[in-house]
There are 2 protein chains.
Amino acid sequence: MIAFEEELRRYPNTGRFLAGRLRHSMSQDERLRLEDMVSAVVHHEAGDRIIARGNTCDNSTMLVEGFMVRTLESNGKRSIVSFHVPGDFVDLHCFALKRLDHNIDCIGPATVAQVPHDRIKATMADDPHLSRLLWFSTLLDAALHREWIMKLEQLTTPRRIAHIFSEIGCRLGMVGLGRPDGFDTPLTQSDVADMCGATAIHANRAFADLRRRDLLIFERGRVHIPDCAELHAYADFHPDYLYGEGDLALETEDA
Amino acid sequence: MIAFEEELRRYPNTGRFLAGRLRHSMSQDERLRLEDMVSAVVHHEAGDRIIARGNTCDNSTMLVEGFMVRTLESNGKRSIVSFHVPGDFVDLHCFALKRLDHNIDCIGPATVAQVPHDRIKATMADDPHLSRLLWFSTLLDAALHREWIMKLEQLTTPRRIAHIFSEIGCRLGMVGLGRPDGFDTPLTQSDVADMCGATAIHANRAFADLRRRDLLIFERGRVHIPDCAELHAYADFHPDYLYGEGDLALETEDA
DNA sequence: AGCGCAACCCAACTAATGTTAGATGTCTAC
DNA sequence: GTAGACATCTAACATTAGTTGGGTTGCGCT
């Protein structure tokens with residue numbers, strides 16, 4: 001706790017983004033209890049692997065600043081299966097799963113808050129409502145996976161890319177990091193290709209296509225979106241599945 | 001409870017498959033407590049929609065007999081994002097999510113056990129270890145989603161189909177429903193196509209391809225697998241992600 | 001038996017994506 | 001400042017998948 005308070009002073013964003021995705025469903029008191037669960041704030045370099053597939057861990061990690069991706073590898077080929085923005089509890093999974101089935105890697109430098117598993121255990125025993133919110137946060141990941149499966153099954157590469165950037169923009173907006181006209185990201189075209197199941201060359205063709213249509217201009221980490229609504233329409237992007245404000249939003253009733 | 005006991009006598013498989021996936025991690029006592037959570041056993045016809053996207057529900061459903069799929073729809077096009085075999089807790093998600101982001105549909109007739117949400121709430125308050133197992137069961141769905149995202153990103157249609165059938169065979173085996181040389185399923189080629197993000201025509205080509213290679217013979221719901229190991233190799237199928245007996249298997253330590 | 005429907009099968013053509021082989025630009029290490 | 005690494009971009013050709021327009025088979029119904 002002390003360590004965390006110190007870090008909090010040093011990195012004023014830390015507190016702000018804690019459980020960004022859940023903030024609408026948490027009482028002020030729960031928010032404080034969640035912050036109390038944090039034992040330390042840690043920095044990582046670009047490319048760092050926070051957790052590797054098959055490892056056990058005693059901590060779970062909340063992303064405070066930066067971008068992270070979940071990856072799986074097969075025959076030396078990397079697949080990116082999801083990504084995370086500040087405010088996401090990136091590996092709460094490894095609390096209940098113990099051994100994780102995937103890797104979590106930093107894209108660009110990142111700051112994270114660590115939550116020891118014994119504090120989560122204590123919460124499970126003491127605080128059913130907060131437990132349920134933590135559970136919810138992992139189910140949200142599953143819902144994002146499902147949406148992404150659908151998009152892989154239905155969309156062409158340019159539309160997949162449009163969908164990814166729509167989602168990133170929207171999720172950044174949900175934690176107060178959005179700009180209406182775009183955002184900056186450490187993702188490369190080749191990372192995006194690995195998210196789409198396309199080759200980097202084909203992803204590049206798709207980016208050129210989106211540029212020609214004036215839907216999305218991506219250059220060296222700078223994403224410019226001239227018209228958000230048009231991009232969403234092209235990608236068939238409907239943000240309900242993010243469980244933000246839309247149809248599916250979580251009710252704040254008590255457990 | 002009474003209702004359930006009656007049904008249990010009438011359908012002797014009911015108890016056998018309860019929480020099939022979790023059975024190795026549960027004590028006998030927990031198993032009984034889980035069975036106590038069941039309020040009723042219900043039958044469904046082929047094509048029935050158990051839960052529709054956007055609905056709330058007071059019950060969660062455990063699949064006792066039959067096959068089910070999770071579907072999402074966009075522009076009238078159906079995507080199947082995952083499937084379930086007996087022993088799976090198919091919509092525990094809607095306990096923590098409240099409004100579900102997807103549909104759950106029966107493929108062929110099905111028997112399910114219903115678990116009221118207030119009993120799950122009680123479990124969350126009383127029994128941290130069983131709660132954690134329930135949580136685990138939903139995280140398992142997320143792990144399956146991730147594997148499937150990777151396969152969509154990496155494999156051609158024939159290999160995707162080989163992977164799906166490898167997984168089904170394996171999951172049936174894990175709950176004692178396997179045959180070494182194949183299985184029966186109410187899935188049609190067109191269902192499988194919707195799982196792969198391919199057209200039914202292309203799926204048919206892929207089935208012909210698999211038949212020619214003598215890896216998998218699928219005809220009218222009858223799946224014959226001449227050599228399981230060869231099919232797995234062709235599909236690059238490694239069942240660790242099912243969290244059965246492999247590297248990643250859940251430890252049975254207490255919460 | 002004969003009808004109708006659904007699942008399955010097939011071929012020819014078109015569109016999307018992968019592969020190979022580069023060229024160019026930008027940043028960092030030395 | 002130069003070399004090397006890496007990201008981006010492009011073109012030509014090969015493979016995979018979608019589309020169109022059929023045909024065949026099996027099964028339930030009357």
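For the numbers below, each heavy atom of this structure counts, side chains included, while hydrogens, waters and symmetry mates do not. First the proteins, then the strands, lettered A, B, ... as listed; each starts at 1.
The closest donor-acceptor contact from the side chain of B:H43 to the backbone of B:P109 lies at 3.5 Å or more, if one exists at all. A donor-acceptor contact shorter than 3.5 Å links the side chain of A:T185 to the backbone of A:L187.
Straight-line distance from the CZ atom of A:R205 to the C1' atom of C:dA15: 12 Å, rounded to whole Å. Distance CG (A:N204) to P (D:dC9): 5 Å, rounded to an integer number of Å. Between the CD atom of A:Q189 and the C1' atom of D:dA7 there is a distance of 8 Å, rounded to whole Å. Taking atom CZ of residue A:R159 and atom P of nucleotide C:dA15, one finds them 15 Å apart after rounding to whole Å. Put simply, CG on A:L155 is 13 Å from P on C:dA16, counting in whole angstrom units. Here D:dT16 presents its C1' atom at 15 Å from CG of B:L152, a figure rounded to the nearest Å. Rounded to a whole Å, the CZ atom of B:F218 is 15 Å from the C1' atom of D:dT25. Straight-line distance from the CD1 atom of B:I217 to the C1' atom of C:dC9: 16 Å, rounded to whole Å.
Relative to the side chain of A:I201, the nucleotides C:dC10, D:dG18, C:dT20 differ in distance, and C:dT20 lies closest. With D:dA17, C:dC10, C:dG18 as the candidates, the nucleotide lying closest to the side chain of B:A208 is C:dC10.
In this structure, CD in B:E153 is found 8.0 Å from CZ in A:R160, a value given to the nearest 0.5 Å.
Residue order along DNA chain D, read from the 5' end via each residue's closest nucleotide, puts A:F207 first among A:E153 and A:F207. Take the nearest nucleotide of DNA chain D for B:R220 and for B:T156: the residue whose nucleotide is more 5' is B:T156.
Within the 4.0 angstrom heavy-atom criterion, no nucleotide atom of any strand lies near B:R160. Here A:G197 lies in heavy-atom contact (under 4.0 Å) with sugar-phosphate atoms only. Counting any heavy atom pair closer than 4.0 Å across all strands shown, A:T188 reaches sugar-phosphate atoms only and no base atom. Nucleic acid contact for B:R211: sugar-phosphate only, since backbone atoms but no base atoms lie under 4.0 Å from a heavy atom of the residue.
Using a 4.0 Å cut-off, some side-chain N or O of B:T157 falls inside it from OP1 or OP2 of D:dA17. Between A:S190 and D:dA7, a side-chain N or O to OP1/OP2 separation shorter than 4.0 Å is absent.
A:R70 and A:D91 are not joined by a salt bridge, as no carboxylate oxygen comes within less than 4.0 angstrom of a charged side-chain nitrogen. Electrostatic pairing of A:R171 and A:E167 counts as a salt bridge here, judged by a charged N lying under 4.0 Å from a carboxylate O.
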